[in-house]
Amino acid sequence: MPMLRSEVTVLSDMPSESRCVIVKINGHGSFRRRIMEMGFVKGEVITVVKNAPLRDPIEYKVMGSHVSLRRSEASHIEVADVSAYAFDESKPETFTEEIRQTIKEKSNVINVALVGNPNCGKTSFFNHSTGMHEKVGNYSGVTVDAKVGTFQYNGYTINMIDLPGTYSITEYSPEELYVREYITEQCPDIVLNVVDSSNLERNLFLTTQLIDMHVRVVMALNMYDEFERSGNLLDYAYLGSMLGFKIIPTTAFKGIGITEVLDTIIDTYEDRADTHKHVHINYGTDIEDEIARIKQEIVKDKSIGDKYSPRYLSLKLLEDDKTTLEIFRHSDNYKAIESVAEHSRRHLREVHKEEPSEVITNAKYGFIRGALKETYRPAQHSTASLSQRIDNILTNRWLGFPILFLFLYIMFQTTFSLGAIPQGWIETGVEMLTSWFTDIIPAGMFSDLLINGIVEGVGSVLVFLPNILILFLFISIMEDTGYMARAAFIMDKLMHKIGLHGKSFIPLLIGFGCSVPAIMATRILENKKDRIMTMLIIPLMSCSARLPVYLLLVSAFFAKNQALILLGLYLAGIVLAILVALIMKKTLFKKDSEQFVLELPPYRFPSLRNLGIHIWDRASEYIKKISSVILVASVVIWALGYFPRTNEQTDIIDQQIALLSINQTLTDQQRDAQMASLYLQRSLLQKENSYIGIIGKTIEPIMRPLGFDWKMSVSLVTGVAAKEIVVSSMGILYKVEDTENITSLTKALQTEVYASGPRVGQKVFTPLVALAFMLFVLLYVPCTATVITCRKEFGRKWAWVMSIYTFALAWLVSFAVFQIGSLF
Ligand code: GDP
Ligand code: MG
């Protein structure tokens with residue numbers, strides 16, 4: 001057999017103009033995927049175009065095209081040097097059979113590391129597969145240092161290493177540090193996680209750390225003989241599909257299940273295992289936010305991101321892990337990373353009154369409990385913890401739903417009824433401000449801008465702040481107590497029926513508050529498809545900004561059953577969301593949704609401080625995002641309605657006013673009355689011919705089939721900036737300056753009649769029109785902030801999809817309601 005010129009080496013060491021074949025790609029999951037997507041796959045022939053010592057990047061030719069890799073990236077690719085052999089690029093099979101055979105042998109070496117708790121049967125597994133006879137023992141610490149065994153299996157050479165048993169891979173003991181460094185530094189191809197099936201919860205803790213490290217895992221569910229005898233049940237295939245790797249039951253000391261494990265190891269190594277996927281353990285919004293923050297700093301140093309999963313490093317830094325900090329010692333942004341991590345830890349400590357590492361540990365157990373809740377049935381009830389006992393009630397098959405709905409009912413009830421009190425105060429405040437401004441500022445353009453533009457526009461939104469704060473208070477309570485996770489759990493089956501996931505329930509619920517944080521909350525869903533589906537129906541959850549529109553119209557046009565109509569609108573949104581989801585499930589996203597773990601964190605009392613911080617975070621985010629938009633929009637809408645000041649028709653009226661003022665034949669009273677009527681007309685005509693009037697008139701034809709006039713059409717256009725603006729626009733458009741008495745907006749709407757056109761003289765608003773209008777507001781294009789958030793999270797395409805489909809839906813629904821309603 002011809003020998004390859006050298007042993008296996010790494011790609012970065014290959015000199016210019018040499019040629020080699022890839023035998024293996026090392027490193028964590030996302031790194032490998034990225035490299036493979038660039039064309040660096042096993043068996044591929046690579047020509048080194050230019051590799052100057054100490055120069056980055058290195059240029060390669062792969063699959064006929066030129067690609068450059070950073071030196072650090074290339075150092076993770078193992079290759080066999082084939083420069084000495086003839087090779088015709090157009091025919092990859094030009095290597096002789098012997099060389100190909102040798103390359104195959106070199107690439108068929110799999111390094112497997114046995115990782116697990118002490119006494120779970122690693123050494124027994126090692127002995128049975130390697131045929132070696134290491135000492136096994138029924139006490140901890142038998143395996144002091146690592147033993148390596150090599151054997152052939154199905155054409156593969158398997159190097160198996162029996163690592164010391166550990167309960168965790170932190171840095172508390174030399175064993176833990178050893179195992180951890182072995183995994184990160186030696187990069188075994190597969191980590192074989194051996195678990196003691198009779199002690200799942202504790203054993204799976206280590207597994208969660210392997211998941212964080214983003215390594216390729218195969219799990220041996222050992223001591224399965226005892227497990228079966230105990231009468232416990234575990235749906236391990238399902239558990240594996242949630243955790244993202246294959247689980248194989250084994251009885252290591254009898255050699256049962258060993259060949260299945262080895263077969264699975266080979267499948268996973270060759271990327272053939274279908275269950276293999278990468279899952280993220282969700283650590284809750286606080287931790288996830290800090291992870292994202294630290295990660296941003298870490299990925300600036302590219303070479304570190306190749307070797308370790310940045311998410312894993314961020315987590316470790318949050319745990320204040322000194323060994324991890326050392327990794328960055330020579331990095332240019334060491335100081336920045338250190339300070340970001342320090343800042344994040346301090347923030348978490350403040351919010352949780354607990355060390356971040358404890359919060360993370362709790363979240364890991366929440367993940368485990370969630371995974372086992374769906375898959376594991378113990379034969380007899382062991383002593384249940386308090387959390388489990390509460391869970392037995394709150395997630396009970398019969399009680400779960402009523403309790404959840406009761407909670408939601410209280411939440412909405414409080415949001416609206418309790419919110420009404422401070423709402424009244426703010427309303428009074430705004431009115432007082434308006435009249436104060438009217439008194440001190442002389443009438444003119446400036447006072448008009450200030451009063452009818454800014455105060456009116458911003459005021460109508462500010463009024464709404466109490467409701468938002470109360471809603472967010474409830475959402476924070478749900479999150480902080482751990483009930484939010486249970487709600488997702490209860491809803492899971494139902495959500496699956498419409499193609500969504502139980503976790504989708506959380507962003508949808510937040511959507512009743514505001515779509516912006518709701519869309520951001522879709523991050524808790526791992527799967528892109530689930531995220532997109534959830535995001536697309538979030539706008540149908542009636543966000544709190546739409547409420548002022550409902551309140552205005554319901555109180556103006558429905559004397560009876562006001563609450564019922566309000567509820568009906570919310571329900572209409574939900575029903576349509578279900579329909580949309582079902583349609584998407586049948587068309588856009590046919591693939592079944594994947595399974596993943598619903599974390600069940602322990603219950604805890606929310607601290608007031610904690611709630612305060614959360615509400616403040618949420619509210620300030622909301623206020624910042626929305627207030628700027630609304631302020632600008634108010635001014636723009638005001639200006640569009642204010643200019644131009646005069647036109648031919650107002651000129652005529654101005655003349656009439658001038659004539660009237662010098663008319664001596666009338667009494668003062670008569671003159672005042674006529675004067676008022678003329679001013680009213682003038683202001684109407686001015687508005688109609690202003691820029692906003694022109695816009696409204698242009699789009700009116702599209703809206704006429706829905707029963708909307710041009711003012712409604714304009715209000716809807718302005719509402720794209722933020723839905724509350726619909727109300728302020730209506731305020732600006734319908735309320736007409738009447739020199740004598742200022743009619744309230746409600747009154748103005750009730751009395752508005754068509755001034756021209758086929759319906760001249762008829763009332764603009766009827767209850768039917770109001771209903772169609774409210775439905776339109778419920779459904780049409782979400783506000784700018786939502787669209788921008790959507791674009792940030794999902795890209796331009798999905799932002800367009802969301803905007804267009806919601807508009808179409810709104811039009812169709814309002815059209816149907818108005819046209820069908822008109823028949824009666
Ligand atoms: P290690 O500490 O993980 O290396 O575990 P060992 O391989 O030393 O095994 C610990 C003990 O468990 C020994 O007494 C083994 O005989 C026993 N053992 C290993 N595998 C199994 C199994 O599948 N079923 C049962 N019942 N016992 C096992
Ligand atoms: Mg051992």
Side-chain angles (χ1 to χ4, degrees), residues 112-130 136 138 143 153 158 160-163 165-169 179 188 190-211 213 215-269 273-277 279 281 364-365 367-380 382 595-597:
V112 178
L114 283 161
V115 175
N117 288 6
N119 268 323
C120 63
K122 292 180 301 299
T123 305
S124 306
F125 191 97
F126 178 83
N127 285 346
H128 262 279
S129 44
T130 57
V136 298
N138 199 7
T143 317
Y153 182 80
I158 295 181
M160 193 169 270
I161 178 157
D162 185 15
L163 291 171
T166 56
Y167 293 107
S168 157
I169 333 181
V179 171
I190 303 286
V191 170
L192 178 59
N193 185 199
V194 183
V195 303
D196 174 355
S197 49
S198 54
N199 211 331
L200 278 172
E201 202 165 313
R202 196 188 64 195
N203 275 255
L204 287 176
F205 185 75
L206 184 62
T207 311
T208 61
Q209 291 174 324
L210 295 174
I211 290 175
M213 292 170 99
V215 290
R216 287 193 285 180
V217 174
V218 171
M219 181 180 281
L221 188 65
N222 199 36
M223 313 260 180
Y224 201 65
D225 53 335
E226 282 182 10
F227 185 81
E228 282 190 310
R229 234 175 291 134
S230 70
N232 299 334
L233 294 174
L234 178 73
D235 186 348
Y236 55 82
Y238 186 41
L239 180 64
S241 75
M242 287 196 291
L243 298 179
F245 45 73
K246 272 247 157 57
I247 300 179
I248 292 114
T250 58
T251 304
F253 76 153
K254 290 189 189 147
I256 298 171
I258 305 240
T259 51
E260 285 86 342
V261 170
L262 296 180
D263 289 339
T264 308
I265 286 174
I266 291 170
D267 280 349
T268 308
Y269 175 72
D274 52 350
T275 42
H276 191 76
K277 67 171 184 195
V279 300
I281 295 169
K364 282 184 191 300
Y365 278 113
F367 177 85
I368 295 168
R369 211 170 306 122
L372 291 182
K373 175 134 179 135
E374 285 181 86
T375 52
Y376 178 60
R377 291 280 161 277
Q380 73 266 2
S382 47
Q595 294 304 328
F596 47 88
V597 175

Self-check item: Test side-chain contact (heavy atoms from CB on, under 4.5 Å) applied to L210 and I169, step by step
Solution: CA-CA 8 Å; L210 295 174; I169 333 181; 3.7 Å; yes

Distance-minimising heavy-atom pair for [X] and [Y]:
X    : Y    : result
V279 : I211 : O-CG2, 3.4 Å
S129 : I258 : CB-CG2, 3.9 Å
V195 : C120 : C-CB, 4.3 Å
I368 : L204 : CD1-C, 3.7 Å
H128 : F253 : NE2-O, 3.2 Å
G121 : A252 : O-CB, 3.9 Å

[atom1]-[atom2] distance between [X] and [Y], expressed to the nearest 0.5 angstrom:
X    : Y    : atom1 : atom2 : result
L243 : F367 : CG    : CZ    : 5.0 Å
D235 : L372 : CG    : CG    : 11.5 Å
K246 : L221 : NZ    : CG    : 14.5 Å
I256 : I248 : CD1   : CD1   : 14.5 Å
N119 : D196 : CG    : CG    : 8.5 Å
L114 : I161 : CG    : CD1   : 9.0 Å

Quiz item: What orientation do Y224 and Y236 show, parallel under 30°, tilted 30 to 60°, or perpendicular over 60°?
Solution: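 The rings of Y224 and Y236 stand perpendicular, inter-plane angle above 60°.
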
Self-check item: Backbone of N117 reached by a side-chain donor or acceptor of T166 within 3.5 Å
Solution: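 No.
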
Do [X] and [Y] come within less than 4.5 Å of each other through their side chains, counting heavy atoms only?
X    : Y    : value
M213 : V191 : no
N222 : F125 : no
F245 : I247 : yes

Donor-acceptor contacts, no H, no angles, side chain residues 259-269, under 3.5 Å, sequence neighbours left out:
| from | atom 1 | to | atom 2 | distance (Å) |
| --- | --- | --- | --- | --- |
| D263 | OD1 | Y153 | OH | 2.8 |
| T264 | OG1 | E260 | O | 2.7 |
| D267 | OD1 | R272 | NE | 3.2 |
| D267 | OD1 | R272 | NH2 | 3.1 |
| T268 | OG1 | T264 | O | 2.7 |
| Y269 | OH | S107 | O | 2.8 |

